[in-house]
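Quick note on labels: first sequence line is chain A, next is B, and so on, each numbered from 1.
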2 protein chains.
Amino acid sequence: MRDAAVTIRDVAKAAGVSVATVSRVFNRPALVTAGLRARVLGTAERLGYVAYGAARALASGRSRAVGAIVPTLDNQVFAVCIDALQQRLDAHGFALLVASAGYDAAREAREVRLLLERGIDGLMLVGAEHPPAVWALLGRRAPAVPAVVTWTSAVVDIPVPSIGFDNAAAARRIVEHLLELGHRRIAMVAGPTVGNDRAAARVAGVRAALAASGLTLAPPYLSERPYTVPDGHAAALALLTLPDPPTAIVCGNDHLALGALAGARALGLAVPRDLSITGFDDLDFAAYAEPPLTTVRVPAAEMGQRAAEYLAAAAIGPAPLVGTVLEAPVMLRASTARPPSRVPAALRPPRCDRPASALR
Amino acid sequence: MRDAAVTIRDVAKAAGVSVATVSRVFNRPALVTAGLRARVLGTAERLGYVAYGAARALASGRSRAVGAIVPTLDNQVFAVCIDALQQRLDAHGFALLVASAGYDAAREAREVRLLLERGIDGLMLVGAEHPPAVWALLGRRAPAVPAVVTWTSAVVDIPVPSIGFDNAAAARRIVEHLLELGHRRIAMVAGPTVGNDRAAARVAGVRAALAASGLTLAPPYLSERPYTVPDGHAAALALLTLPDPPTAIVCGNDHLALGALAGARALGLAVPRDLSITGFDDLDFAAYAEPPLTTVRVPAAEMGQRAAEYLAAAAIGPAPLVGTVLEAPVMLRASTARPPSRVPAALRPPRCDRPASALR
DNA sequence: CGGCATGCTGAAAACGGTTTCAGCATGCGC
DNA sequence: GCGCATGCTGAAACCGTTTTCAGCATGCCG
């Protein structure tokens with residue numbers, strides 16, 4: 001294995017210098033005279049020398065790689081973050097190891113361990129809620145492996161900085177918008193909240209806004225569904241066929257909202273005339289949905305960039321342990337409007353044996 | 001650095017055995033008697049020992065990591081593939097290093113080099129077209145680093161197996177569907193074709209289908225746009241305001257198609273009554289667009305899985321160098337139908353000074 | 001009961017870099 | 001012209017693990 005690979009020794013020999021000099025040429029060029037440097041660089045290039053990262057990492061104690069664990073890459077919002085993270089990391093000379101944990105705490109702990117074995121110099125995590133084993137593992141190495149949590153503004157009980165936004169506040173604002181429009185019957189299709197502090201915070205935000213208007217949120221007006229389009233579709237159908245259907249549905253993310261939009265359409269409802277629907281994330285299809293989706297813009301790329309900057313800095317030396325709370329603005333578009341003055345025709349009981357109640 | 005980290009030596013000392021034995025316990029447990037194995041495992045657990053990957057890689061010559069370079073992670077289709085790749089790799093004990101090259105050959109070559117420096121044991125690439133430097137770099141190590149190309153069925157001129165699908169054939173089939181419906185004025189909004197064999201193959205496939213019916217494809221009916229929703233929107237607008245607008249628009253991917261759908265809507269056109277639109281990729285929003293998008297289902301996850309299987313096998317020992325061509329079926333949905341019998345009202349010139357030509 | 005496989009275990013040599021430390025010029029000041 | 005500080009360069013130690021090789025029991029067979 002690696003038989004024919006050209007090593008630093010080959011370069012040194014060919015250039016007539018010591019391996020120390022070759023190493024210096026690449027790592028601290030200022031320490032080598034210009035002439036020698038050029039000669040070494042030349043022979044290295046000619047021989048096609050590629051330094052072997054493992055040896056470098058072993059000798060220097062730094063792998064120049066950072067890890068990132070996201071719930072899933074399937075969701076574009078995480079993919080965008082990872083893309084930004086990688087590009088920024090690249091600019092600092094770091095490679096990125098990614099793993100997805102599928103919203104599973106045990107699997108996440110396992111991935112953290114595997115990444116740590118790889119000698120990563122930093123780690124990006126999503127959300128504030130992680131098994132204690134994760135923090136223990138991170139502290140094991142000395143100095144402790146720097147880490148950041150993203151997607152959250154929680155600053156308590158976590159030994160690492162967070163770069164995120166306030167999920168609860170964003171959810172609250174979008175519901176306030178609905179309340180201002182006059183909605184009172186507001187339902188929510190949330191993502192799974194167990195072990196997911198972001199999803200839970202969004203529910204809490206919705207509750208808070210509702211509570212301020214004397215409203216509450218409980219099943220069947222609150223349902224939890226996996227973050228998929230078909231689930232949003234099914235959830236909307238269930239909600240809208242309730243005896244007392246909501247006039248607005250707040251969705252935990254854009255996938256659920258897109259499904260809800262389709263569900264409403266399937267029932268013959270016009271959005272936003274008959275029903276208002278909101279999303280969360282502002283994925284690229286949100287603004288082009290029919291109708292364009294009112295949603296919360298999540299700063300996915302910016303979180304990735306800032307996480308990269310922090311981790312790159314922290315890998316070199318001590319970096320300030322600051323928490324960053326980014327903006328997550330509500331994007332008002334065409335899927336929300338004033339509630340219908342009466343129950344939409346499409347939702348009225350098919351038989352008109354009780355017209356009075358249907359028109360109430 | 002790593003001062004307090006517990007090493008294999010610490011475990012050996014604590015367990016009263018040699019480092020060789022500890023190493024064997026983890027790598028070839030069968031060589032160690034059960035009792036000893038249990039003792040070593042116990043102390044390792046107690047001490048919180050985590051093997052250091054760099055040292056392992058250096059000593060064993062394998063990093064147990066593979067790399068993947070995609071054009072971008074922004075596009076869900078690649079993210080899905082990477083997610084599947086990572087999960088499958090994980091099952092084989094491999095970590096995944098990802099990088100995005102932004103549809104830029106030079107940047108890709110650079111990323112390949114960086115990944116190789118990291119000592120990856122395998123590499124997944126997208127598409128068949130890569131700078132020669134890439135292949136040279138891959139062959140530099142001995143034995144050569146195994147690689148796979150995905151998203152393509154090209155089998156010529158590439159020293160590595162491909163796991164993909166036939167872009168041209170899929171594009172051809174979707175156009176044949178349009179032709180069968182009776183369309184003759186078929187336009188295409190393609191992705192950028194320079195350095196992108198997939199985009200080029202899709203154009204070629206459209207051309208081939210058209211040619212079989214005596215039709216051609218050329219600007220302004222053929223335009224190239226970045227793969228974004230707004231670009232699809234703009235392109236559709238440009239196409240539909242042509243003196244002789246198309247009755248069907250074939251889009252290079254679903255993002256462009258979603259934008260085109262919105263563009264048609266903006267002009268007051270009903271899809272598919274007044275205009276047919278097709279996509280490519282079958283992202284999760286495609287089936288829930290308004291109307292649901294006729295598109296090509298790209299086996300993104302399956303390519304990721306198969307690439308993982310191949311690379312994991314090839315990293316261990318020689319693996320069969322087979323090319324795999326997966327299915328990429330056309331998903332017939334509601335965005336395609338027979339062409340309108342006359343120019344849609346919305347597209348007719350506002351002034352009726354030439355009614356005869358408008359009704360032609 | 002002795003000799004010989006057989007099977008575990010430990011000592012030590014890689015693996016390919018980085019980095020410390022010492023040595024050797026070189027250039028400067030006197 | 002000599003001594004000394006300065007600045008490059010090279011020799012060698014070291015990073016943590018795997019793996020080869022030899023040695024030592026042990027068990028089996030004759």
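Taking 4.0 angstrom as the limit, B:T7 places none of its side-chain polar atoms (N or O) nearer than this to OP1 or OP2 of D:dG16. Contact annotation: A:Y49 reaches the phosphate of C:dG17 (side-chain N/O to OP1 or OP2, under 4.0 Å). Here B:S60 does not reach the OP1 or OP2 of D:dT18: none of its side-chain N or O atoms lies under 4.0 Å away.
A straight line from CZ of A:R28 to P of D:dG10 spans 17 Å, rounded to a whole angstrom. Taking atom CG of residue B:D10 and atom C1' of nucleotide D:dT17, one finds them 13 Å apart after rounding to whole Å. Note: CZ (A:R37) to P (D:dG7) measures 16 Å, nearest angstrom. Rounded to whole Å, the distance from NZ on B:K13 to P on C:dA11 is 12 Å. The distance between atom CZ of A:R9 and atom C1' of C:dC15, rounded to the nearest whole Å, is 9 Å. For the pair B:R64 CZ and C:dC15 P, the computed distance is 18 Å after rounding to whole Å. What separates CZ of B:F26 from C1' of D:dG16 is a distance of 14 Å, to the nearest Å. Residue A:R39 contributes atom CZ, which lies 11 Å from atom C1' of D:dT9 at whole-angstrom precision.
Within 4.0 Å (heavy atoms only), A:V22 reaches no atom of the nucleic acid at all.
The closest side-chain heavy-atom distance from B:V98 to B:V70 is not below 4.5 Å. Between B:S63 and A:R118 the shortest side-chain heavy-atom distance does not fall below 4.5 Å.
Side chain of A:R39 to backbone of A:A15: a donor-acceptor contact under 3.5 angstrom is found. Panel note: side chain B:E108, backbone B:I69; no donor-acceptor pair is recorded below 3.5 Å.
With D:dT9, C:dA12, C:dG10 as the choices, the nucleotide that has an atom nearest any side-chain atom of A:T33 turns out to be D:dT9. When distances are taken from the side chain of B:R56 to each of D:dT18, C:dG17, D:dA11, the shortest belongs to D:dT18. Distances from the side chain of B:V17 to the nucleotides C:dG10, C:dG17, D:dT9 place C:dG10 closest. The side chain of A:N27 sits closest to C:dT18 out of C:dT18, C:dG10, C:dG17.
Where A:A20 and B:L58 each meet DNA chain C at their nearest nucleotide, the meeting point lying more 5' is that of B:L58. Between A:R24 and B:I8, the residue anchored nearer the 5' end of DNA chain D, judged by the nucleotide with its closest heavy atom, is A:R24. Both B:V19 and B:A55 lie near DNA chain C, and the one whose nearest nucleotide falls closer to the 5' end is B:V19.
Ring geometry, A:F26 versus A:Y49: the interplanar angle falls from 30° to 60°, so the pair is classed tilted.
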